[in-house]
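Nothing here was measured: the structure is a model prediction, and the numbers come from that model. Values reported hereafter were calculated over all heavy atoms of this structure, with side chains retained and with hydrogens, waters and symmetry mates removed.
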Amino acid sequence: MSAPLLINTIQESVAYASEAAQHEGVLQLDTMPEIQVERPGNSEHGDFATNLPLRLSRATRINPLELAQAIAKHISPNDVIDHVEAAPPGFINFYLKQSWLQKQVDVIRQSGSKFGDVDTGQGRKVMVEFVSVNPTGPVHVGHTRGAVLGSALANVLEAAGFEVTREYYVNDAGNQMQMFYKSVLARYQQELGQEAEIPENGYMGEYITELAKDILNVEGDRFLKMAEEQALLEIGDIGREKIVSTIKDDLSSIGVEFDNWFSERSLFSSGEYEETIDFLREKDYLSERDGALWFNSVMLGDDKDNVIVKTSGESTYFASDIVYHRNKLIKRKFESVVDIWGADHQGHVPRMKSAVEALGIDRDRLTVLICQMVTLRRGQDVMRVSKRGGNLITLREVADEVGIDACRYSFLAKAPSTQMEFDLEMVKKESNENPVFYVQYAHARNASIIELARERGIDWSNGDISLLTHPSELDLIRALLRLPELVDEMATILEPHHLPHYATELANNFHNFYENCRVVSSNESDTAITAARLKLVEAALIVFRRTLTLMGMTVPNRM
RNA sequence: GCCCCGGUAGCUCAGUGGAUAGAGCAUCUGUCUUCUAAACAGAGGGUCGUGGGUUCGAAUCCCACCUGGGGCACCA
């Protein structure tokens, strides 16, 4: 449990004050609109502000500024709030007490690594399913965006008090896998000098040949001697396992880890597939037509129906996905599920939501976040990321070239809905100059101050925080205090991309403080302020570490 | 043709109903005898794709159009 957010407390005080104004007869309302409290962009407008009077002015036909005054007078200063002001055209601005801000330095120090935790989720179970690239090849740059987004979102949800499971759905069944198996076998046979061809729509990538060579080295030519069907089965298993472990390693190398790797095939062996189809059939959501089995999603408002079982008797990917979502939402009782998909799956969203509804589940328990495409560039050259053809630019290649922190930061800083340009040159440059290192450098500077203080044997445990009165000090404290609020907000709207922007602002505030406020001073008369500032530095260190960790970035003490 | 997502500073992007539209890069000007100059302070740079509309108030909401990407399979 963590303390209620200040922003919510202020919201409540506005609610009380407007009620008081109603009792007074100043304003009369049937319904009170939602009270919005925000952080004003301009610091002259205080620490928090509400636009409630502006929003009420039409219904009440009262001048918004007068309304602001009428409400504001019912908000009295306390330990936290220094004063409130009605400001034109009709805002109520809140100014925090300096003594309260100062006290938060000790609060942060006491919270330690828990600072930033909030109770938005109240222990609710949520799954974030992401990446889930078919185990037919390595993870490429396009997938990296979803990987970074998903892992950061999971971190944020965890900090916000959700019980989070990070899952990778392994599509180890179906047609694409057969193609993959055949491709591997063909390359293997070719390595042994046999006439063999990659099937039409098979996998042409160079990595298949490498894979075949590896298998040959370890397993010898034994697959040549067995019946084709058996060879396909055995070599396929080995190939798939190798690909999955490559995917696992590559993702792990950029700090993306999963709690669970869920096999599509397990949905069939467990009997859940049959159960689900039977259920949908009973509910009349299925119909047979043209020799195939259809899901009647038009009934639920979609553009068209979708095939569940093909004429050939094979089930479709969509069928497995329905079963999988039933598994997540019913069998495993996740209260909500977030799926992160690429833009090429965008058309799949409405039918998936309909399927969830058909299963008798509130469709809002499933949220699908769509990541737009990534264009990879090197300066002027646009690099094509082709899927089956060949030249994949893999996650590993990009991570090796630009570094994992720059890679994560660059992907994370953009909202998933934007089609982004990933310019290798630019990202490398950014990692050397800004803003990735800008943030890490702030942390490193922080750390070196503490180190110096320790070397000099300074004891700051009794530092007097009321000495922290410089504007740079107070602004830094304000910035530190925004983290819990941000975690709450990001967890609610599922947008971790605010994290890098916050980190940059935080670093800006820190560098400013560093410039203006000497911490470790050799001057005897400065012992008191040094101790106080060391407490602030310690608090800042905590917040930087937490912020970088939420982003999945490294936290260097020295640069 | 229909559906989804974009178009904000020279470039890459934040900002989705409020107070003078922001950051980084790039350009220009200052600042290192003192905890890391990978930094700080400052300057220039904007018809927020276009045109209508709603509103006290629009980059943000609605409509139309222009433009870029993605999707409209018994593929995944």
Residue matched to [N] through Watson-Crick or wobble contacts both under 3.5 angstrom:
| N | value |
| --- | --- |
| B:G6 | B:U67 |
| B:C72 | B:G1 |
| B:C40 | B:G30 |
| B:G18 | B:C56 |

Using a cut-off of 4.0 Å on non-hydrogen atoms, how would the nucleic acid contact of [X] be classed: base, sugar-phosphate, or nothing?
| X | result |
| --- | --- |
| A:Gln346 | base |
| A:Asp303 | nothing |
| A:Asn51 | base |
| A:Arg454 | nothing |

Below 3.5 Å, can you tabulate the donor-acceptor pairs from side chains in residues 41-49 of chain A to any protein atom, sequence neighbours excluded?
unit_1: A:Asn42; atom_1: OD1; unit_2: A:Glu44; atom_2: N; d: 2.9
unit_1: A:Asp47; atom_1: OD1; unit_2: A:Arg478; atom_2: NE; d: 2.4
unit_1: A:Asp47; atom_1: OD2; unit_2: A:Leu96; atom_2: N; d: 2.8

Between [N] and [M], how far apart are the two [atom1] atoms, rounded to whole Å?
| N | M | atom1 | value |
| --- | --- | --- | --- |
| B:G10 | B:G70 | P | 27 Å |
| B:U54 | B:C11 | C1' | 35 Å |
| B:A26 | B:U67 | P | 35 Å |
| B:G17 | B:G53 | C1' | 16 Å |
| B:U16 | B:U55 | C1' | 16 Å |
| B:U12 | B:G57 | C1' | 31 Å |
| B:C2 | B:G45 | P | 43 Å |
| B:C32 | B:A38 | C1' | 14 Å |

What is the separation between atom [atom1] on [X] and atom [atom2] on [N], rounded to the nearest whole Å?
| X | N | atom1 | atom2 | value |
| --- | --- | --- | --- | --- |
| A:Gln178 | B:C75 | CD | C1' | 14 Å |
| A:Tyr441 | B:G24 | OH | P | 16 Å |
| A:Met426 | B:C11 | CE | P | 10 Å |
| A:Met420 | B:G24 | CE | P | 19 Å |
| A:Gln36 | B:G17 | CD | P | 7 Å |
| A:Asp344 | B:A76 | CG | C1' | 9 Å |
| A:Lys414 | B:C5 | NZ | C1' | 17 Å |
| A:Asp302 | B:A73 | CG | P | 14 Å |

- With sequence neighbours left out, which residue pairs that include part of residues 527-542 of chain A fulfil the salt bridge (charged side-chain N to carboxylate O under 4.0 Å, His left out) condition?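 Listed once each, the pairs are A:Asp106-A:Lys535, A:Arg109-A:Glu538, A:Glu473-A:Arg533.
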- Does the pair A:Arg518/A:Asp526 count as a salt bridge with the N-to-O cut at 4.0 Å?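 Salt bridge flag = no for A:Asp526 with A:Arg518.
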- Salt bridge present between A:Arg378 and A:Glu401 (N-O < 4.0 angstrom):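 Yes, A:Arg378 and A:Glu401 are salt-bridged.
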- Query: Between B:G69, B:C74, B:C11, which nucleotide gets closest to the side-chain atoms of A:Met373?
  - Reply: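 So the side chain of A:Met373 is nearest to B:G69.
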- Looking at B:A39, B:C13, B:A76, which one has an atom nearest to any side-chain atom of A:Glu421?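 Comparing B:A39, B:C13, B:A76 against the side chain of A:Glu421, the answer is B:C13.
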Please state whether the phosphate of [N], meaning OP1 or OP2, lies under 4.0 angstrom from any side-chain nitrogen or oxygen of [X].
| X | N | result |
| --- | --- | --- |
| A:Lys304 | B:A73 | no |
| A:Asn306 | B:C74 | no |
| A:Ser417 | B:G6 | yes |
| A:Tyr438 | B:C40 | yes |
| A:His497 | B:G15 | yes |

- Message: Side chains of A:Gln440 and A:Asp405: any donor to acceptor distance under 3.5 Å?
- Response: yes
- Message: Can you confirm whether the side chains of A:Asn327 and A:Glu272 place a donor and an acceptor under 3.5 Å from each other?
- Response: yes
Would you please name every residue forming a side chain to side chain donor-acceptor pair (under 3.5 Å) with [X], sequence neighbours left out?
| X | result |
| --- | --- |
| A:Asn512 | A:Ser472, A:Asn516 |
| A:His501 | none |
| A:Tyr95 | A:Glu85 |
| A:Thr504 | A:Tyr409 |

- Item | Position toward the 5' end of RNA chain B (nearest nucleotide), A:Phe422 or A:Leu54 |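 Going by which nucleotide is closer to the 5' end, it is A:Phe422.
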- Message: Need to verify one output field. Residue with the more 5' nearest nucleotide on RNA chain B, A:Asn557 or A:Arg377?
- Response: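 So the residue in question is A:Arg377.
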- Query: Quick check: are there more than 12 heavy atoms from other residues, nucleotides or ligands sitting under 6.0 Å from CZ of A:Arg558?
  - Reply: no
Close N/O contacts between protein and nucleotides 19-23 of chain B (under 3.5 Å):
unit_1: B:A19; atom_1: N6; unit_2: A:Asn93; atom_2: OD1; d: 3.0
unit_1: B:A19; atom_1: N1; unit_2: A:Asn93; atom_2: OD1; d: 3.2
unit_1: B:A19; atom_1: N1; unit_2: A:Asn93; atom_2: ND2; d: 3.2
unit_1: B:U20; atom_1: O4; unit_2: A:Asn42; atom_2: ND2; d: 2.2

- Does B:C13 fall in syn (glycosidic angle within 90° of 0) or anti?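 That one's anti.
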Between the protein and nucleotides 28-35 of chain B, list the N/O to N/O atom pairs that are separated by less than 3.5 angstrom.
unit_1: B:U34; atom_1: O2'; unit_2: A:Arg518; atom_2: NH1; d: 3.4
unit_1: B:U34; atom_1: O2'; unit_2: A:Arg518; atom_2: NH2; d: 3.1
unit_1: B:C35; atom_1: O5'; unit_2: A:Arg518; atom_2: NH1; d: 3.4
unit_1: B:C35; atom_1: O4'; unit_2: A:Arg518; atom_2: NH2; d: 2.8
unit_1: B:C35; atom_1: O2; unit_2: A:Val520; atom_2: N; d: 2.9
unit_1: B:C35; atom_1: N3; unit_2: A:Val519; atom_2: N; d: 3.1
unit_1: B:C35; atom_1: N4; unit_2: A:Tyr514; atom_2: O; d: 2.7
unit_1: B:C35; atom_1: N4; unit_2: A:Cys517; atom_2: O; d: 3.3

- Message: Holding to side chain to side chain contact (heavy atoms under 4.5 Å, CB included), I want the full list of residues that pass it with A:Ala491, two or more places apart in sequence or in another chain.
- Response: A:Val156, A:Leu157, A:Ala160, A:Phe162
